[in-house]
Amino acid sequence: MTRASHTKGVTLSTDGLPSWLDPVVHAVETVEPLQLSRFLPPANGAGRQSAVLILFGEGERGPELLLMERASSLRSHAGQPSFPGGALDPEDGDPHGDGPLRAALREAEEETGLDPSGVQLFGVLPKLYIPVSGFVVTPVLGWWREPTPVGVVDPNETARVFTVPVADLTDPDNRATTVHPSGHRGPAFLVESALVWGFTAGIIDRLLHYAGWERPWDREKQVPLDWRA
């Protein structure tokens with residue numbers, strides 16, 4: 001099956017989702033943009049349209065999320081763990097319609113080898129903005145109905161592909177606050193020998209909160225962003 005036929009007829013559906021995703025579906029349907037981030041798309045329409053795939057699967061230890069670590073050689077967000085995703089291409093279609101859905105699936109396939117035909121898209125969060133790179137990001141949520149093998153497709157883009165159990169993300173021992181050299185503070189997760197921070201951690205943090213999965217954690221526990229040194 002070609003990539004185009006994988007992603008041509010993209011639709012959103014909550015039919016047949018596992019019941020544990022109900023709180024996430026509710027959060028997606030009710031959350032307001034400013035409840036997710038103080039960085040919203042510029043009113044003048046500036047910014048490069050992009051999308052990420054927030055993919056929930058069922059692993060050996062229950063619900064899990066698919067993440068990847070970006071190659072250290074990339075121009076923007078190098079070395080950062082992130083959701084699969086990237087900028088919209090013209091063939092993805094209307095950036096204010098279903099273009100982000102196609103882009104999220106296409107990028108996930110290109111970066112992780114994911115088979116989009118096994119993914120059921122069930123929700124879209126409000127568009128957010130990443131000031132440092134100028135991306136306007138549409139977070140697209142999916143259920144990995146039929147899991148397929150994933151891994152690094154292009155080492156120039158991706159360092160590794162991995163899944164993280166939601167139980168690890170909600171574990172207070174794995175949570176911290178990052179402090180950027182600029183002084184900016186944000187949530188972080190120390191999971192799978194990775195420090196998940198920045199935009200990706202912010203989205204995960206808000207999803208856990210509004211889905212009611214968040215557990216009390218020590219917000220005074222700080223991790224400097226040069227933690228690997």
Side-chain angles (χ1 to χ4, degrees), residues 27-28 31-54 65-87 100 104 107 111 124-141 157-160 162 164 166 168-229:
V28 171
V31 72
E32 298 292 331
L34 282 171
Q35 291 177 311
L36 290 174
S37 174
R38 61 191 177 96
F39 298 114
L40 301 183
N44 64 3
R48 191 171 183 195
Q49 295 291 331
S50 63
V52 295
L53 179 64
I54 303 174
L65 275 175
L66 178 68
L67 294 177
M68 50 173 271
E69 199 166 302
R70 295 168 60 83
S72 57
S73 57
L74 289 175
R75 192 170 61 217
S76 60
H77 308 291
Q80 273 188 248
S82 68
F83 299 117
E107 285 282 345
E111 292 174 331
V124 176
L125 289 171
K127 292 179 186 288
L128 302 174
Y129 188 58
I130 305 181
V132 67
S133 56
F135 280 109
V136 174
V137 185
T138 301
V140 179
L141 288 88
E157 282 198 8
T158 310
R160 68 174 173 136
F162 58 102
V164 180
V166 171
D168 288 351
L169 293 166
T170 59
D171 186 338
D173 288 343
N174 297 335
R175 305 210 54 180
T177 297
T178 51
V179 183
H180 193 272
S182 68
H184 177 73
R185 297 161 60 93
F189 301 84
L190 294 112
V191 288
E192 302 296 324
S193 68
L195 177 68
V196 183
W197 62 284
F199 175 84
T200 302
I203 293 286
I204 294 173
D205 171 77
R206 295 294 80 198
L207 275 178
L208 296 180
H209 176 78
Y210 289 110
W213 292 349
E214 184 179 45
R215 295 164 59 190
W217 57 282
D218 181 6
R219 293 169 190 271
E220 298 306 311
K221 176 183 170 185
Q222 296 185 5
V223 179
L225 284 178
D226 58 350
W227 72 291
R228 284 190 181 87

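Owing to the predicted nature of the structure, the values given are computational and were not obtained by experimental measurement.
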| request: Test side chain to side chain contact (heavy atoms under 4.5 Å, CB included) on Arg215 and Arg175 and set out the steps. | output: CA-CA 10 Å; Arg215 295 164 59 190; Arg175 305 210 54 180; over 6 Å; no

Distance, nearest 0.5 Å, that separates [atom1] of [X] from [atom2] of [Y]:
X      : Y      : atom1 : atom2 : result
Phe135 : Ile130 : CZ    : CD1   : 7.5 Å
Thr138 : Leu53  : OG1   : CG    : 12.5 Å
Gln222 : Arg185 : CD    : CZ    : 4.5 Å
Asn174 : Lys221 : CG    : NZ    : 7.0 Å
Arg206 : Leu125 : CZ    : CG    : 12.0 Å
Leu169 : Glu214 : CG    : CD    : 12.0 Å

With heavy-atom distances below 4.5 Å as the criterion, would you say the side chains of [X] and [Y] are in contact?
X      : Y      : value
Val166 : Leu208 : yes
Ser50  : Val137 : yes
Pro126 : Val31  : yes
Gln49  : Lys127 : yes

| said: I'd like to know whether Ile203 forms a side chain to side chain contact (heavy atoms under 4.5 Å, CB included) with Val52, so could you lay out the CA-CA distance, the side-chain angles of the two residues, the decisive distance to 0.1 Å, and finally the verdict. | reply: CA-CA 11 Å; Ile203 293 286; Val52 295; over 6 Å; no

Looking only at non-hydrogen atoms, find the nearest pair between [X] and [Y] and report the distance.
X      : Y      : result
Ala27  : Ala211 : CB-N, 4.2 Å
Glu111 : Gly85  : OE1-N, 2.9 Å
Pro81  : Val196 : CB-CG2, 3.9 Å
Val136 : Ala46  : CG2-O, 3.7 Å
Ala201 : Phe189 : O-CE1, 3.5 Å
Tyr129 : Pro41  : CB-N, 3.7 Å

| query | Any salt bridge between Arg70 and Glu107, counting N to O under 4.0 Å? | reply | no

| request: Scan Val124, Leu207, Val140, Leu67 and name whichever one has a side-chain contact (heavy atoms from CB on, under 4.5 Å) with Ile54. | output: Leu207

| query | Quick one: which of Asp171, Asp205, Thr170 gives a side-chain contact (heavy atoms from CB on, under 4.5 Å) with Trp217? | reply | Asp205

| message | Run Val223 and Trp197 through side chain to side chain contact (heavy atoms under 4.5 Å, CB included) and show every step you take. | response | CA-CA 10 Å; Val223 179; Trp197 62 284; over 6 Å; no

| request: Could you tell me whether the side chain of Thr177 and the main chain of Arg219 form a donor-acceptor pair under 3.5 Å? | output: yes

| message | Show, in sequence, the C-alpha distance, side-chain angles and deciding distance for Leu195 and Leu225, and conclude whether the side chain to side chain contact (heavy atoms under 4.5 Å, CB included) test is met. | response | CA-CA 9 Å; Leu195 177 68; Leu225 284 178; 4.0 Å; yes

